[in-house]
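Please read these numbers as outputs of a predicted model, since none were measured by experiment. Chain letters run A, B, ... following the sequence lines, proteins first, then strands; residues in each count from 1.
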2 protein chains.
Amino acid sequence: MTTYAKPSQQSSGHNHSECVSEALITAEHLCFERGVQLTPIRHKVLELIWESHKAVKAYELLDRLKPLQQAAKPATIYRALDFLIEQGLIHRVESLNAFVGCHCSGHQHEQLLLICKHCQEVEERSAKEVMLALSDEIKQAGFIVHSKAIEIHGVCSTCQKMPGVPGDRE
Amino acid sequence: MTTYAKPSQQSSGHNHSECVSEALITAEHLCFERGVQLTPIRHKVLELIWESHKAVKAYELLDRLKPLQQAAKPATIYRALDFLIEQGLIHRVESLNAFVGCHCSGHQHEQLLLICKHCQEVEERSAKEVMLALSDEIKQAGFIVHSKAIEIHGVCSTCQKMPGVPGDRE
DNA sequence: AGATTAATGTTATAATATAACATTAATCCG
DNA sequence: CGGATTAATGTTATATTATAACATTAATCT
Ligand SMILES: [Zn+2]
Ligand SMILES: [Zn+2]
Ligand SMILES: [Zn+2]
Ligand SMILES: [Zn+2]
């Protein structure tokens, strides 16, 4: 039995289908305004990433795309991912070699990712104070920033409440 | 003493051979105190990582280790790396799939890495203010931390001064 | 010495990612 | 419109990064 068909809808108790359709509509909008093409493949990949709030792997996406796109190959996925990242529609989670939908779908914004090792969900936070302190630190170092990755691994508040899921390392 | 490769000694103008021998002595000390074995292979891999302040790839290390360790295979390197990371003697740079020597060689400390795309050198900073703000943000999110990765890509102050190396994206 | 654990050797393969070139589709411009 | 140009996708091959599984050797313990 395929288990990835219906990913957990638990995500902090919100209505995820609304959450997804919002993300897709926003993406369509942004791409239109920017005069870039959210082609069917790119759109589908974005939709697949948004199936849950978990970080998803490139080859997992490939497996899911294949039934819908006969010709799908690694390059198909990686090109779509490149595009989506460029447009700020998804984030690459460096510490997982995986990808996650971006909530604040604009261009090139700061990001703090809270990654749960229990449920694999990724929460994105703007973390203004952190970013401020960070800018300061970087300025002090005389460094010119191109991109930032702030990735925190641990156990999310939801999973902490579940029985048999201690917050400490196993 | 082996001295092939001759990696760039530029690193912020410091005496890097002293820098390395210090790191190695500290490592030997720590391992002894902890009752863990800094075996010849592990020691050599650590030394190879410390050849420069650049992040170095696993298979690059493998290539450099082979002449000295006939039997070296991927597993040889990855096991040594696992050990060194566990002991807090090196950091894994998630966004590069690479490894870099740790200055503040203790156990499991916070880290902010400034990664230069021009010279590939990685500067580690304790960034107290950032870490404080970060702890706060994480607490607010009700998240339990296991590990943090803060990786900033850009151009270091040294490279900014060099001709033909603009700070902006190429 | 014999048992136990830790480290390394060895072979194979999994998982992630890109290069290079061919083909098709979209857009531009006269 | 029709040819030129650019953008997107198809296709094949391969590079890069990482782990699994089991055998052997070395270190440590009693
Ligand atoms: Zn949602
Ligand atoms: Zn969770
Ligand atoms: Zn140095
Ligand atoms: Zn530099």
Side-chain angles (χ1 to χ4, degrees), chain A residues 4 27-28 31-46 48-49 54-87 89-100 120 149 151, chain B residues 27-28 31-46 48-49 54-87 89-100 115 120 149 151:
Chain A
Y4 53 67
E28 290 156 14
C31 289
F32 178 75
E33 284 189 341
R34 291 172 187 166
V36 297
Q37 298 184 60
L38 189 60
T39 62
I41 288 177
R42 291 165 176 178
H43 190 279
K44 190 66 205 173
V45 170
L46 183 57
L48 288 172
I49 290 174
K54 299 184 207 294
V56 55
K57 302 258 174 181
Y59 278 73
E60 219 173 304
L61 288 170
L62 181 54
D63 288 343
R64 295 191 202 167
L65 183 60
K66 264 179 186 159
L68 310 160
Q69 186 74 14
Q70 208 58 23
K73 299 268 181 331
T76 316
I77 293 294
Y78 282 104
R79 282 166 181 161
L81 292 171
D82 284 349
F83 171 87
L84 295 170
I85 289 168
E86 243 168 48
Q87 297 303 319
L89 300 171
I90 63 172
H91 292 299
R92 182 183 156 83
V93 185
E94 301 289 354
S95 50
L96 294 178
N97 297 329
F99 306 85
V100 71
Q120 280 77 251
E151 304 182 359
Chain B
E28 289 157 13
C31 289
F32 178 75
E33 284 191 338
R34 291 172 187 166
V36 296
Q37 299 185 59
L38 188 60
T39 62
I41 287 177
R42 290 164 176 178
H43 189 280
K44 190 66 206 172
V45 170
L46 184 57
L48 288 172
I49 290 173
K54 299 184 207 294
V56 55
K57 301 257 173 182
Y59 278 73
E60 218 173 305
L61 289 169
L62 180 54
D63 288 343
R64 297 193 203 165
L65 183 61
K66 264 178 186 160
L68 310 160
Q69 186 73 14
Q70 208 58 22
K73 299 270 179 333
T76 316
I77 292 294
Y78 282 104
R79 282 166 182 159
L81 291 170
D82 284 349
F83 171 85
L84 296 170
I85 289 168
E86 244 168 47
Q87 297 303 319
L89 300 171
I90 62 172
H91 293 298
R92 183 183 155 82
V93 184
E94 301 290 353
S95 49
L96 295 178
N97 297 328
F99 306 85
V100 71
I115 304 157
Q120 279 78 250
E151 305 183 0

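- As rounded to whole Å, 14 Å separates atom C1' of D:dG10 from atom CD1 of A:Ile77.
- Applying the 4.0 Å criterion to OP1 and OP2 of C:dG9, one finds that B:Gln70 has every side-chain N and O outside that range.
- Whole-Å rounding puts the B:Leu61 CG to D:dT17 C1' distance at 13 Å.
- At a threshold of 4.5 Å between non-hydrogen side-chain atoms, the residues A:Gln87 and A:Arg34 count as touching.
- Judged by distance alone with a 3.5 Å cut-off, a donor-acceptor contact links the side chain of B:Tyr59 to the base of D:dA18.
- A residue-by-residue look at A:Lys73 and B:Arg92 shows that A:Lys73 has its nearest nucleotide of DNA chain D further toward the 5' end.
- Remark: A:Tyr78 is not in phosphate contact with C:dT18, judged by side-chain N or O atoms under 4.0 Å from OP1 or OP2.
- To the nearest angstrom, C1' of C:dA17 lies 15 Å from CG of B:Leu96.
- Here C:dG2 sits opposite D:dC29 as a Watson-Crick or G-U wobble pair (both hydrogen-bonding atom distances under 3.5 Å).
- To the nearest 0.5 Å, atom CD of residue B:Glu86 and atom CG of residue B:Leu84 are 9.5 Å apart.
- Looking at A:Thr39 and A:Phe83, their side chains never come closer than 4.5 Å, going by heavy atoms from C-beta outward.
- Nucleotide C:dA25 forms a Watson-Crick or G-U wobble pair with D:dT6, both donor-acceptor distances falling under 3.5 Å.
- Nucleic acid contact class of A:Gln69 (heavy atoms, under 4.0 Å, all strands): sugar-phosphate only.
- When rounded to the nearest whole Å, the span between CG of B:Asp82 and P of D:dA18 equals 10 Å.
- At least one side-chain heavy atom of B:Asn97 sits under 4.5 Å from a side-chain heavy atom of B:Arg92.
- Here D:dA18 presents its C1' atom at 16 Å from CD of B:Glu60, a figure rounded to the nearest Å.
- Phosphate contact (OP1/OP2 of C:dT10, side-chain N/O of B:Arg79, threshold under 4.0 Å): absent.
- With a 4.5 Å cut-off on side-chain heavy atoms, B:Thr76 and B:Val45 do not count as touching.
- An OP1 or OP2 oxygen of C:dA7 is reached within less than 4.0 angstrom by a side-chain nitrogen or oxygen of B:Gln37.
- Rounded to whole Å, the distance from CD on B:Glu86 to P on C:dA6 is 12 Å.
- Comparing D:dA18, C:dA17, C:dT10 by their closest approach to the side chain of A:Phe99 singles out C:dA17.
- Proximity of A:Lys57 to the phosphate of C:dT16: a side-chain N or O atom is located under 4.0 Å from OP1 or OP2.
- B:Glu151 places a side-chain N or O within donor-acceptor distance of the main-chain N or O of B:Glu94, the cut-off being under 3.5 Å.
- A:Lys66 places its NZ atom 13 Å from the P atom of D:dG10, with the value rounded to the nearest Å.
- Under 4.0 angstrom from either OP1 or OP2 of C:dT8 there lies at least one side-chain N or O belonging to B:Arg42.
- For A:Asn97, no side-chain nitrogen or oxygen approaches OP1 or OP2 of C:dA15 to under 4.0 Å.
- Heavy-atom nearest nucleotides on DNA chain C were determined for B:Pro74 and for B:Val36, and the one closer to the 5' end corresponds to B:Val36.
- As a whole-Å value, the separation of A:Leu62 CG from C:dT16 C1' is 12 Å.
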